[in-house]
Amino acid sequence: MSQENGNNSTIPRSHPRYLSLKYRHKIIEGMKNLVVAEAGLIAHGRGEAFDYILGERTNEIAREAIKAASALLLLAKKPVISVNGNTAALVPKEIVELSKILKAPLEINLFYKKKGRIEAIKKVLEEAGALDIRGIHEEKLVEIEGLDSNRRLVESIKDADVVMVPLEDGDRTEALKKLGKKIIAIDLNPLSRTALWADITIVDNIVRAIPLMNTLIQKLKNSTKSELEEIVRRFDNKKCIQASLELIKNYLDVQKEKAFKNVKI
Ligand code: ATP
Ligand code: MG
């Protein structure tokens with residue numbers, strides 16, 4: 001079946017889990033093209049599991065976080081959007097659109113630097129229309145303190161004031177925070193170290209969060225500086241994480257009651 005050959009054209013639209021399968025196949029295709037690392041498949045699976053127990057929809061809490069993140073990005077002097085393989089495979093066009101609206105560079109930053117991967121991701125972003133891609137100029141890479149992995153090497157992130165890190169690793173979020181950067185994370189796991197270290201954590205699937213952010217930024221673009229500052233000031237990430245956990249609890253409680261109502265053998 002389609003799962004075995006990774007070809008998403010054979011998934012019937014009527015399949016009850018069509019969207020989930022569609023994005024799974026994008027990740028599989030990404031792995032075949034070197035864009036996604038093997039470990040990226042496992043990370044995607046962890047994300048899927050959290051999405052499942054959040055009801056696979058963007059909730060009010062995530063919407064508030066997306067609004068605060070949009071305001072912070074509009075206020076930033078030097079915003080940078082960090083891109084890894086999964087992000088490039090799932091939302092290439094949408095992340096490029098965000099980069100263009102904000103005039104912010106997309107910086108490729110990888111944990112697993114297999115030969116040819118950076119080039120593969122660069123190609124995907126260029127095909128989606130990217131104009132400003134960083135992290136690809138070896139001579140411009142500098143190390144950030146407090147990090148041993150490949151992800152310590154950065155280009156424009158070094159001087160950024162706000163860094164958006166979708167699907168990030170906790171170590172780097174912590175290191176960037178300690179350098180005084182404001183961090184916006186997109187992470188379906190409200191308990192990951194990334195989610196807990198970030199200034200604004202969007203607990204939502206990147207495939208829903210980025211398009212929504214693009215729409216919101218267009219709407220907020222003409223707001224005054226003080227209006228944007230007020231949106232950021234009102235946002236409290238600790239409350240956001242706790243409310244996301246509460247949503248999961250409530251969702252599971254409802255599902256506990258409903259679980260067998262639709263299963264009649
Ligand atoms: P941390 O390093 O922050 O403690 P982790 O080690 O548990 O996190 P990683 O593999 O480093 O996890 O990062 C992957 C993260 O990305 C996971 O928390 C996963 O829930 C999240 N994730 C995966 N796919 C998506 C997606 N499509 N949208 C949003 N988040 C996702
Ligand atoms: Mg990790």
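Basis for what follows: all heavy atoms, side chains included, without hydrogens, waters or symmetry-related copies. Start at 1 and go down the list; that is how both ligands and their atoms are numbered.
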Visitor: How far is atom 27 (N) of ligand 1 from the closest protein heavy atom, and which atom is that?
Guide: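 Here the nearest protein heavy atom works out to N205 OD1, 2.8 Å.
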Visitor: Who's the nearest protein heavy-atom neighbour of atom 1 (P) of ligand 1, and how far?
Guide: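 Protein heavy atom with the smallest distance to atom 1 (P) of ligand 1: G170 N, 3.5 Å.
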Visitor: Please classify the D171 to ligand 1 contact at 4.0 Å (heavy-atom distances, strictly less than): side chain, backbone, both or neither.
Guide: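 Neither; nothing of D171 gets under 4.0 Å from ligand 1.
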Visitor: Considering I186, L191, I206 one by one, which has a heavy atom nearer to atom 28 (N) of ligand 1 than any of the others?
Guide: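 Considering heavy atoms of I186, L191, I206, the nearest to atom 28 (N) of ligand 1 sits in I206.
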Visitor: What protein heavy atom lies closest to atom 18 (O) of ligand 1? Include the residue and the distance to one decimal.
Guide: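 Of the protein heavy atoms, D187 OD1, 2.8 Å lies nearest.
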Visitor: Which residue supplies the protein heavy atom nearest to atom 11 (O) of ligand 1, what is that atom called, and how far is it?
Guide: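 Looking at atom 11 (O) of ligand 1, the protein heavy atom closest to it is D169 OD1, 3.0 Å.
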Visitor: May I ask you to check whether N109 and S82 show a side-chain donor-acceptor distance below 3.5 Å?
Guide: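 No, no side-chain donor-acceptor contact under 3.5 Å.
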Visitor: Taking atom 3 (O) of ligand 1 as the point of reference, which of T194, I202, L90 owns the nearest heavy atom?
Guide: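 Considering heavy atoms of T194, I202, L90, the nearest to atom 3 (O) of ligand 1 sits in T194.
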Visitor: Return the residue, atom name and 0.1 Å-rounded distance of the protein heavy atom closest to atom 13 (O) of ligand 1.
Guide: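 Result: E168 O, 3.5 Å.
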Visitor: Which residue and non-hydrogen atom of the protein lie closest to atom 31 (C) of ligand 1, and at what distance in Å?
Guide: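 Result: L167 CD2, 3.3 Å.
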Visitor: Would you say K221 and Q218 are linked by a side-chain donor-acceptor pair, where the criterion is simply a distance under 3.5 Å?
Guide: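 Q218 vs K221: donor-acceptor pair found between side chains.
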Visitor: If the cut-off is 2.8 Å, does any N/O/S atom of D169 fall short of it from the Mg ion (ligand 2)?
Guide: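 Here the distance criterion (N, O or S atom, under 2.8 Å) is met by D169, so yes.
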Visitor: Closest non-hydrogen protein atom to atom 6 (O) of ligand 1, residue and atom name please, with distance?
Guide: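 Protein heavy atom with the smallest distance to atom 6 (O) of ligand 1: R46 NH1, 3.7 Å.
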Visitor: What protein heavy atom lies closest to atom 14 (C) of ligand 1? Include the residue and the distance to one decimal.
Guide: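 Sorting protein heavy atoms by distance from atom 14 (C) of ligand 1 puts A43 CB, 3.9 Å first.
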